[in-house]
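To start, the structure under review is shown below, and the notes come after it.
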Amino acid sequence: MDLLIQTLINGLILGAGYALVAVGLTVIFGTLHIVNFAHGAFFALGAYATLLIERAGAPYLLAIPLAVLCVAAIGFALEATIVRRALYDQGEHGSIIVTFAISQAIVAAIILVVGPDPLPVPSPFGQTAVSVGGFFLSAQRIFIAAASVAVLAGFALWLRRSVKGQQILAVSQNARGALYSGINVPLIRSLSFLLGIAAAGLAGALMGPMISAFPTMGDANVIVAFTVVILGGLGSIGGAMLGALVIGLGNALFETYVSVSWTPALGWVLVILVLLLRPQGLMGRAQLDRH
Amino acid sequence: MKLRAKAALAALAVLVATPAAQAADPVKIGMVLPLTGPTAGYGKDGKLGADMAAAEINAAGGILDGREIELVYEDEKGAPQDGVAAVQKLMTRERVQAIIAGMNSSITLAESAITKNRILHVNPAAQADAITAQGSPWLFQINNTASTNATIFHTYLTEQMAPKAIAVMGENTEFNKAVLENLREIVGESSVELAEIATYDGATTDFTSIITRLKSTGADMIYVIDAYPARTAQIWKQIRQQGGFPMEAHAVGTVQRSAIVPAEGAMEGVITADIFIAEGATGDMARFIDRFTEQNGVAPNKVSLVVYEAVKVVAGAMDKAGSADDYALISDTLRGNVWTTPRGALSFDDNGRAKAPYFYIHKVTGEDVGLLDTFEVE
Amino acid sequence: MTDITTGAPAGRARGGSASLKGAGLLALGIAAALAAGFGLGGDPFLLNLAGYTCGFAIFALSVNVMLGGLGEVPLGHCMFYGIGAYAPAMAMNHAGLPYEAGVAIGMVVAALIAAPIGWLTLHLTGAYFSIVSWGLSGVAMVTALNLDVTGGPLGLFGFSRLAVGPFDLSRPQTYFFVAAAILLAVLVVLYHVRGSRFGRAMEAIRQGPHLARSLGIDVFRERLKALVLSAPIAALAGALSLPYTQIVTPEVMSVLRTVDALLAALIGGVGLIFGPAVGAVIFTILPQFLDLDPNVKVLVFSLLIILVMVAAPGGLHQLWKAAAARLSHARKGDAP
Amino acid sequence: MTGWAVEAAGVEKRYGGVTALKGVDLRIPEGAIHGLIGPNGAGKSTLFDILCGITKPSGGRVSVLGMDVAALPAHHVARRGVGRTFQRTATFRDSTVRENLLFASYGRMRHSVLQRMARAPAWREDMAAFETRADAVLETCGLAHLSDQPAAALAYGTQRRLAVAVMLMNDPKILFLDEPVAGMNDAETAEFIALVRDIARGRTIVIVEHDMAAIGALCSEVLVMVDGAQVVSDTPERALAHPDVVAAYLGTDADD
């Protein structure tokens, strides 16, 4: 019983982290129809930015927003120079190549500038673990889960309530219609790209203290994020959260009770099963046939 | 100690006595290291060691009557087919006279299929027994084999630390398999119980559930088998967050500062072992560490050391054999002599395996490992 | 996509010129292979690499059946490549079968596995298909890692005899010629596929699945056929990598391999029948001559790829086309 | 055969919570040119999709050429003589006019890849039959001189003619045209009307169109739909004069 409870706690907290990585992917896909393979690289940039800002003397909690700004600025530069020219309306093929190349370039740049060795990202929550009734909870994980829930809820609310958020939703549902109704579609696309990149940076800043900063730190996390996003339904933020929860709990339970070696296959099997039953994912919209 | 100093003096005498010949063609040695990709850190460490060795050899007048050593680097990117490509390029295009290649066991095995019976191949760091078990006459290994190292370490774990039950977690690699096999054997001869073995995939991002599962077995020792610094740090952090285990150990030869520093103290007290330790070094080793630190601004680690030794041993053997490409002769020279390295006298057996003179049990202390015990390797 | 017409019709003058053009291209390919094979005679490294590149080009062609043919991005295609590499390795090391038998088994198995996989996944399109396909290759990789018969994490190595009939593939020149011959054969087959009823159905589906369906094309069935066709080609490519790599590890099924092939196809041009092959050559041979720090090399290569995509989102052949158009334009309009 | 090319009764279609069609009845006699009009969002395209078997109705009965199209996959419906042009992806834009027709002759060809490689008789016959038919269709649609032009490079009106030519390759018994003259200039429209009259011999044609002049010139009868339901079915003149139709058109912004 205790084992089950600890496992469920692990799974929930794990899921909250996954959601944070996945939400940026899903926003970018939803509005831009770009499969962003560079997400992991921006995740890494978030962790490195946090680390460097902390080294410059800022405390962790201040370093997080500053790091997110830094990553967003890099994202903005890339958007203005590359993404806008090469990707919009070019279909998925171009986006796969370009985002993959961006990712390779960022990882190589990190190795050249900072070096390949993993570096600690200091956090006030550090290695502290809270023990509640015999169950262990890492302070940093609780912080990540809380931040993740707060940020995701705030983001969902902003999408619903604000004018810009509404416009993002409109573009993601029907870019042509949005254009006709006077929405500045290019601006909304740029904004969505920046939001997605910033979310990746935030995830890196929050998870850095747990996994350390190293150039390829994003790779494995982004693979999980892809399963989360597809499971939930590409482009659906609610779906990303639900998918993250399902995969977080599923992985935790499977690892504890079934097999550790086969766990990486679990997410994919879930994805395939769900897609067979609901091709649009758990919370994705059924697409109207448009010719 | 005395013996070692004498050997060093003898080596020095040979070098001094060599007349500084006219600059002949340099002897090219191909260095295959992971310079990009997830294990690029090892490549960086190795390169520092190799460069230092080459600089020392050349400063002392080179080998074979004044020929300089030229190191040609190729990137194996942490993948077998890139390792193979690197070796082939070095052999056929760069026409190197020897190959120094070997960090990861799978990659080294792939590379050794190319070098077998064609060129001198020295594997500095990879440990899997399968590499030198192939019977390649011109393949040599600087590091101990996984089973040699593991036997000593596992005996230490079971006999000296004497836990009731060990829980094991490790990445699904060839290295892990070899270590596990040895562990099963040693544990089988003792009263210690193997509580649980969790083998995870390289893509695993989180270890809490695995650790929860292992803790639930009631084991009083956790033993982690992972050679990847970033993941090592992450695993130990998560073990610490779940309250840790009464006894904690990490596989031989895989704990470097590059894991301990990002672990931010979570590895404090973890028991491990290696063929190298900086703490308390004396004689040649102390001088090596000082020189290295002075030149590079960082202290050397095991990887830097074995790659340094590999270059020195290759150069020394060529020099002594009087040839850079008669591999049968060079190999006989390698086997028939004792080689002085910072660690002491190194000799190679019929399989090309070196045995480190000493084996150290470490305990992680602060940002590095501290010495707990020393064994002489028979 | 206008290039595909070359193989279309018969009976009329146009048909005659098309097959002539096809034969000319084939002759050119054979000449290039012979020139390369003998020209590189003194350089076993380049010959070996060229042999491997031919295998890689075959994989890029297989990927391009899905990419250029159907407009889907088959991220998990590396699974079939991996099956093709593992099959001869397992056949030789476990069953004592010759290499050729293993290659054949691999191709058959790949086709047999492709059918149910396609049935499961080809109802999906776009990013959904890509990512699920990627996931399946991930499952295959975990499987290869955990089974004993695949040699676990170490993989399989120490192959007895890599040879096709009398041709010993451990000799670089032979390896290159065999691989090049197979590459040319695959090109010929794919060229005819493009000109056939099935090839045109694929092209119609790529350009407009709804319109294609309204013309009576069974979209799902043709997509499935495309996958079942491309899988054994990928397996063949995987098998041809063995003489070069000398080892098969689970890493052979890494998604990075598919990404490399996708890049090759996209750089060479997905619409050209030989585009992916040209891309593969650019992709594997070119970096060997960039004498830079490996990380700088990655950086430069990535930036080059981005530059190409910004300048010509359809691949390098778009640049060539544009340049050719400008040239002919300049020639015509030299009066003003 | 009943003499009816299309017989539909009580056709309904719901997407999630949205009802796109609320019980439409439609009968089109064989050989007629029938119009289908209504403001945007009236459900015309959905009805088209259902009649071609692309979309399955949520309720009601649909019979086209005597087939229960709701029970058949779309490509089967197409192979049995039902053709349809689209508003946006009307042609294969990356290919030439001739290639467009080659794609369209899929259903008439039988050769396999191997037969193509061997230049077997099956392939020769297929290609010869194609050439004959393509020449005839190109002639009919006035595209003969453009056969090697890329579709995307054609003038807009010409592209729409190509869309019809693509469908004609299969010699459909019934042809659905989705807003064929939208965006054409007057000359193009006139040419197109002549083309439709020309090809209407021996087949049924159904047109969705906003251009009332074209509808008036071509159709014997029109069905007017508003908001997923039919309002009236009559001759074009009388249908357009119907007060409900006038109200529906005045009450919406009939863009293009």
Side-chain angles (χ1 to χ4, degrees), chain A residues 2-3 6-7 9-11 13-14 17-18 21 104 107-108 111 115-123 126-131 134-141 207 209-217 219-224 248 251-257 259-265, chain B residues 34-45 78 169-172 196-217 228-244 256-266 268 298 367:
Chain A
D2 282 2
L3 182 61
Q6 177 77 54
T7 303
I9 294 173
N10 292 345
I13 291 186
L14 200 58
Y18 289 163
V21 188
Q104 297 266 295
V107 169
I111 295 183
D117 284 333
L119 298 169
V121 180
S123 153
Q127 310 305 314
T128 335
V130 189
S131 167
F135 301 114
F136 286 97
L137 288 168
S138 126
Q140 180 70 22
R141 279 167 179 276
M207 292 171 75
M210 263 176 25
I211 56 184
S212 321
F214 54 101
T216 52
M217 66 188 288
D219 291 0
N221 284 287
V222 168
I223 294 177
V224 180
N251 277 358
L253 288 167
F254 197 81
E255 270 180 351
T256 308
Y257 292 105
S259 157
V260 172
S261 319
W262 291 89
T263 303
Chain B
L35 299 169
T36 62
T39 46
Y42 286 147
K44 179 204 67 182
D45 297 335
M169 63 187 287
E171 191 199 353
N172 198 349
E196 174 93 40
I197 295 170
T199 314
Y200 51 83
D201 181 88
T204 311
T205 54
D206 187 275
F207 303 90
T208 6
S209 298
I210 300 174
I211 296 160
T212 302
R213 176 179 171 145
L214 295 182
K215 277 205 81 128
S216 75
T217 62
Y228 185 31
R231 198 165 41 218
T232 297
Q234 191 185 351
I235 289 171
W236 283 106
K237 279 179 174 178
Q238 293 181 3
I239 290 175
R240 196 64 57 239
Q241 284 158 2
Q242 296 214 28
Q256 320 278 355
R257 278 172 56 92
S258 56
I260 302 171
V261 172
E264 297 177 276
E268 189 69 26
V298 288
E367 293 204 334

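Values in this document were obtained by computation on a predicted structure and should not be read as measured data. Convention: sequence-line order gives letters A, B, ...; per-chain numbering from 1.
- The line from CD of Gln6(A) to CD of Gln242(B) is 5.0 Å long, rounded to the nearest 0.5 Å.
- Here the CZ-OG distance, from Phe214(A) to Ser258(B), works out to 12.0 Å after rounding to the nearest 0.5 Å.
- Asp117(A) is listed as a side-chain neighbour of Lys44(B), based on a closest heavy-atom distance under 4.5 Å.
- If you take OG1 on Thr7(A) and CZ on Arg213(B), they are separated by 10.0 Å, rounding to the nearest 0.5 Å.
- A search for side chain to side chain donor-acceptor pair (under 3.5 Å) contacts involving Thr208(B) returns Asp206(B), not counting sequence neighbours.
- Contacts of Leu119(A) with chain B are made by backbone atoms alone, with heavy-atom separations under 4.5 Å and no side-chain atom involved.
- One finds the CG atom of Asn10(A) at 9.0 Å from the CD atom of Gln238(B) (value rounded to the nearest 0.5 Å).
- Per-residue counts of heavy-atom pairs under 4.5 Å with chain B were compared for Pro209(A), Ala139(A), Pro215(A); the largest is that of Pro209(A).
- With a 4.5 angstrom heavy-atom cutoff, Tyr228(B) touches chain A only via side-chain atoms.
- Note on Pro118(A), Ser138(A), Ala252(A): by heavy-atom pairs under 4.5 Å with chain B, the leading option is Pro118(A).
- Here NZ of Lys237(B) is found 8.5 Å from CD of Gln140(A). Values are rounded to the nearest 0.5 Å.
- With a 4.5 Å cut-off on non-hydrogen atoms, Ala230(B) touches chain A through its backbone and its side chain both.
- Proximity to chain B involves both the backbone and the side chain of Pro122(A), based on heavy atoms less than 4.5 angstrom apart.
- Annotation: maximal heavy-atom pairing with chain B below 4.5 Å, among Thr263(A), Val121(A), Val224(A), occurs at Val121(A).
- Judged as a side chain to side chain donor-acceptor pair (under 3.5 Å), and not counting sequence neighbours, the contacts of Thr36(B) are Asp75(B).
- Contact annotation: the side chain of Glu255(A) approaches that of Thr204(B) to within less than 4.5 Å [non-hydrogen atoms, C-beta and beyond].
- Thr256(A) OG1 to Ile211(B) CD1: the interatomic distance, rounded to the nearest 0.5 Å, is 11.0 Å.
- Of the listed residues Ala266(B), Ala233(B), Gly243(B), the one with more heavy-atom pairs under 4.5 angstrom with chain A than any other is Gly243(B).
- For a residue to count as touching a neighbouring chain, one of its non-hydrogen atoms must lie under 4.5 Å from one of that chain's; by this rule Ala259(B) does not touch chain A.
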